[in-house]
Structures are given as structure tokens and as C-alpha cells.
Amino acid sequence: MTALRTVLITGTSSGIGLATAVAAARAGWQVVATLRDTGKAGALRAAVDEAGVTDRVRVAHLDVTDPASVAAAVADAVATYGHLDAVINNAGVGQLGTVEQIGVDAFRSVMEVNFFGVVELTLAALPHLRASGGRVITVSSLGGVVGQPFNEAYCAAKFAVEGFLESLAPVAATTGVRVSVVEPGAVASEFVASLGPSLPGLVENAGPYEAAFKAYFENTAGFFEQAQSSEDAAASVVEVLTAPEPAFRVQTSDVARGLAAIKLADLDGSAVHAFTGPWLS
Ligand code: NAP
């Protein structure tokens with residue numbers, strides 16, 4: 001049993017998850033930092049040691065696509081610390097390509113990680129969060145609000161996440177559990193490396209979309225050059241973790257806020273089309 005509040009975070013081998021684990025421990029939380037492959041915990045352990053919070057971070061195995069590992073990690077956290085006060089659904093993968101390039105299996109596999117993984121952990125955690133008056137925080141994406149060309153599977157999965165959690169939020173609130181989504185724009189992390197088939201492979205099978213696909217790359221290359229750091233994005237996540245009255249939807253940068261604002265006022269879809277259409281020519 002610990003007096004510190006306990007948070008379990010998925011996908012902490014790198015990027016936003018790693019930075020959130022460190023920042024939450026720094027903010028005084030007991031962190032269960034989970035990875036699908038604990039052999040990849042080197043960078044996390046080094047960052048945690050450097051931040052002087054080693055005693056507040058427990059590394060544990062959790063693959064969001066494996067329900068048994070989700071249940072085991074939640075049970076272990078509760079058995080070890082006596083309570084679970086928040087979960088942060090952070091694990092996620094990218095997937096580039098339009099449906100005719102990548103096929104339905106790619107959609108299924110992104111949904112498994114980015115959507116069903118969120119459902120699985122949220123379901124396992126809710127009884128414990130009810131007991132603690134806790135929080136479900138999910139790293140969604142600007143791609144969960146604005147559909148982006150050649151990111152159909154990714155955006156579909158993140159839209160599903162937002163639909164699930166926007167619907168759950170008022171239900172969970174009746175039992176004292178807060179639900180929030182955090183929406184980053186481009187963030188510097190290992191994310192780009194997880195985007196699926198290599199670019200030359202995708203260009204080769206782009207067929208009628210070859211010119212649009214190449215234009216997409218030329219026009220959006222700058223987005224990641226201006227990406228915010230994982231630490232910056234993590235600071236927004238920890239704000240949601242610690243705020244007395246967290247909002248349901250939180251963007252992590254002015255860029256993300258500006259684009260989400262366009263979408264959320266775009267009743268007929270023309271404003272988003274006017275924004276993303278020019279990326280393809
Ligand atoms: P990242 O550095 O690639 O981190 C992704 C994490 O998810 C890694 O720890 C990865 O583990 C883990 N993961 C993947 N599949 C998993 C599974 N089946 N079970 C458990 N963990 C799994 O990228 P990131 O940018 O920090 O991404 C974190 C979240 O932010 C994601 O949900 C992503 O969609 C979202 N996001 C990112 C950006 C961006 O521009 N980077 C923008 C908006 C939203 P491995 O090391 O084992 O692969």
C-alpha cells in the first residue's frame with residue numbers, strides 16, 4: 001500500500017509515454033510504466049534515474065493487444081500499491097497509405113492497438129478507478145478530430161477512440177471517474193518509424209494516387225520538422241492527470257488547437273477539405 005497516487009501508463013519505451021512516466025513521477029505519482037517488451041526499457045530506466053525518481057517508477061509488461069497481459073498488469077498494480085488512481089492509454093502505432101494501398105488487414109491491426117487496446121485497458125481499470133475516484137486519460141491525436149489524407153486507418157482508429165470516450169465520459173462521471181482525451185499534433189518521437197510500409201514501397205503501389213501521394217509527402221514534410229517535443233506533449237498529459245477539473249478534450253499545442261477549432265466548427269466538412277485538399281497537389 002502506498003499513500004502516493006498510482007498511475008499505470010502504456011507504451012513507455014519511448015516518446016510521449018516515456019516522457020509522461022518521468023513527468024508523472026516528478027509530479028509525485030507512483031508510476032507503473034508498462035511496455036510490450038520490457039527488454040526495451042533501457043531509455044526509460046536511464047531517464048527515470050537521471051530525473052531522480054527511480055523509486056517511484058515500476059516497470060511492467062503490458063501488450064495492449066493481449067487481454068491477459070492487460071488484466072495481469074492492472075491486477076499487479078493494485079496488488080502492489082493497494083489502489084489505482086489513473087490509467088494513461090498512450091500506446092499507439094501509425095499507419096500510412098490509402099485503403100487501396102494497404103488493404104483491410106492493416107486497418108484491423110491499427111484498430112487492435114489504437115482502439116481495442118484502449119477499450120481493453122479502460123474496461124480492466126474502471127472498477128479500480130471507481131474505488132479511487134480516478135481518471136482515464138487517453139493520448140488520442142489531432143488525427144482523432146481531423147481526418148488526414150493517407151492516414152485513413154490511423155485516423156479511423158483515433159476517431160473510434162474519441163467516439164468511445166466521449167460517450168463513456170458522462171457515464172463514468174456518474175460514478176466519480178473522469179475521462180479525458182489528449183490531442184497532440186506532430187510530436188518528435190519514434191512514431192514516424194512505426195508508420196507501416198516503407199515510403200518507396202507505398203509509392204510503388206500508389207497506382208492512381210501516385211502524384212497525390214508524392215505531393216502529400218512534399219507538402220507535409222515540414223510538419224514533423226516543427227514538431228513539439230515529447231516532453232512538451234507529456235506536460236499536457238500530466239496537467240490532465242493533476243488538474244482538479246480536467247477538460248474532456250485537451251490539445252497539446254497551439255497548432256493542434258487551431259486545427260481542432262476548424263474541425264469542431266465545420267458542420268458540412270468543407271473547411272477541413274479546404275485545408276487538407278491542397279496537401280495533395
Ligand atoms: P512512439 O515513440 O512510437 O511510442 C509509441 C509507444 O507505443 C511505444 O512505446 C510502443 O512500444 C508502444 N506500443 C506499440 N504497440 C504496442 C502494443 N501492442 N502494446 C503496448 N505498447 C505498444 O510514439 P509517440 O509519438 O510517443 O506515440 C504515443 C501516442 O501518441 C500514440 O498513441 C500516438 O498515436 C500518439 N500521437 C503521436 C503523435 C506524433 O506525432 N508522434 C501525434 C499525435 C498523437 P514499442 O517500442 O514496443 O514499439
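Ligands are counted one by one from 1 in listed order, and the atoms in each one are counted from 1 as well.
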**Test side chain to side chain contact (heavy atoms under 4.5 Å, CB included) applied to T34 and D76, L62, V87, V74, the passing residue** =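 Running side chain to side chain contact (heavy atoms under 4.5 Å, CB included) over D76, L62, V87, V74 with T34 returns exactly one hit, L62.
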
**Message:** For T12, run the side chain to side chain contact (heavy atoms under 4.5 Å, CB included) check against V57, N90, L35 and tell me which one passes.
**Reply:**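 The option that passes is L35.
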
With the threshold set at under 4.0 angstrom, would you say [X] reaches ligand 1 through any of its heavy atoms?
X: K158; answer: yes
X: N90; answer: yes
X: G143; answer: no
X: A186; answer: yes
X: T34; answer: no
X: A188; answer: no
X: T65; answer: yes

Going by atom types alone, do [X] and [Y] pair a side-chain donor with an acceptor below 3.5 Å?
X: S140; Y: E162; answer: yes
X: T54; Y: D49; answer: yes
X: E152; Y: T98; answer: yes

Closest candidate by heavy atom, reference [atom], pool [options]:
atom: atom 2 (O) of ligand 1; options: G94, S14, P184, S13; result: S14
atom: atom 44 (C) of ligand 1; options: A233, S140, S109; result: S140
atom: atom 38 (C) of ligand 1; options: S141, G17, G185; result: G185

What atoms of ligand 1 come closer than 4.0 angstrom to any heavy atom of [X]?
X: A91; result: 7 (O), 13 (N), 20 (C), 21 (N), 22 (C), 32 (O)
X: V139; result: 29 (C), 30 (O), 32 (O), 35 (C)
X: I16; result: 25 (O), 26 (O), 30 (O)
X: V113; result: 15 (N)
X: G15; result: 2 (O), 26 (O)
X: S189; result: 2 (O), 23 (O), 24 (P), 25 (O), 26 (O), 41 (N)
X: Y154; result: 33 (C), 34 (O), 35 (C), 36 (N), 43 (C), 44 (C)

**Student check: side-chain heavy atoms of F164 and V181 closer than 4.5 Å** =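 Contact flag for F164/V181 side chains = no.
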
**Prompt:** Does a side-chain heavy-atom distance below 4.5 Å link R135 with S180?
**Reply:**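 No, every pair of side-chain atoms sits at 4.5 Å or beyond.
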
Taking N or O atoms only and a 3.5 Å limit, does [X] qualify as a polar contact for ligand 1?
X: V187; result: yes
X: L142; result: no
X: D63; result: yes

Region of [X] engaging ligand 1 - heavy atom pairs below 4.0 Å:
X: A227; result: neither
X: K40; result: side chain
X: V64; result: both

**Under 3.5 Å donor-acceptor, T38 side chain and H61 backbone** =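 Looks like no, no N/O pair under 3.5 Å.
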
**Asked** Between the main-chain N or O of P149 and the side-chain N or O of N151, is there a donor-acceptor pair closer than 3.5 Å?
**Response**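 Yes, the answer is positive, given that a donor and an acceptor are paired below the 3.5 Å cut-off.
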
**Message:** Closer than 4.0 angstrom, basic N to acidic O: yes or no for D254 and R257?
**Reply:**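 The answer is yes: the pair qualifies as a salt bridge.
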
**Message:** Under 4.0 Å between a side-chain nitrogen and a carboxylate oxygen: does that hold for R249 and E166?
**Reply:**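 Salt bridge between R249 and E166, a charged N being under 4.0 Å from a carboxylate O: yes.
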
**Request:** Only one of Q101, K214, E100 passes side chain to side chain donor-acceptor pair (under 3.5 Å) with Y209; say which it is.
**Result:**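 Answer after filtering Q101, K214, E100: E100.
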
N/O donor to acceptor pairs below 3.5 angstrom from side-chain atoms of residues 124-131, sequence neighbours left out:
none

**Prompt:** What are the two closest non-hydrogen atoms of V272 and K263, and how far apart are they?
**Reply:**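 For V272 and K263, the tightest heavy-atom pair comes out as CG2-CD, 3.7 Å.
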
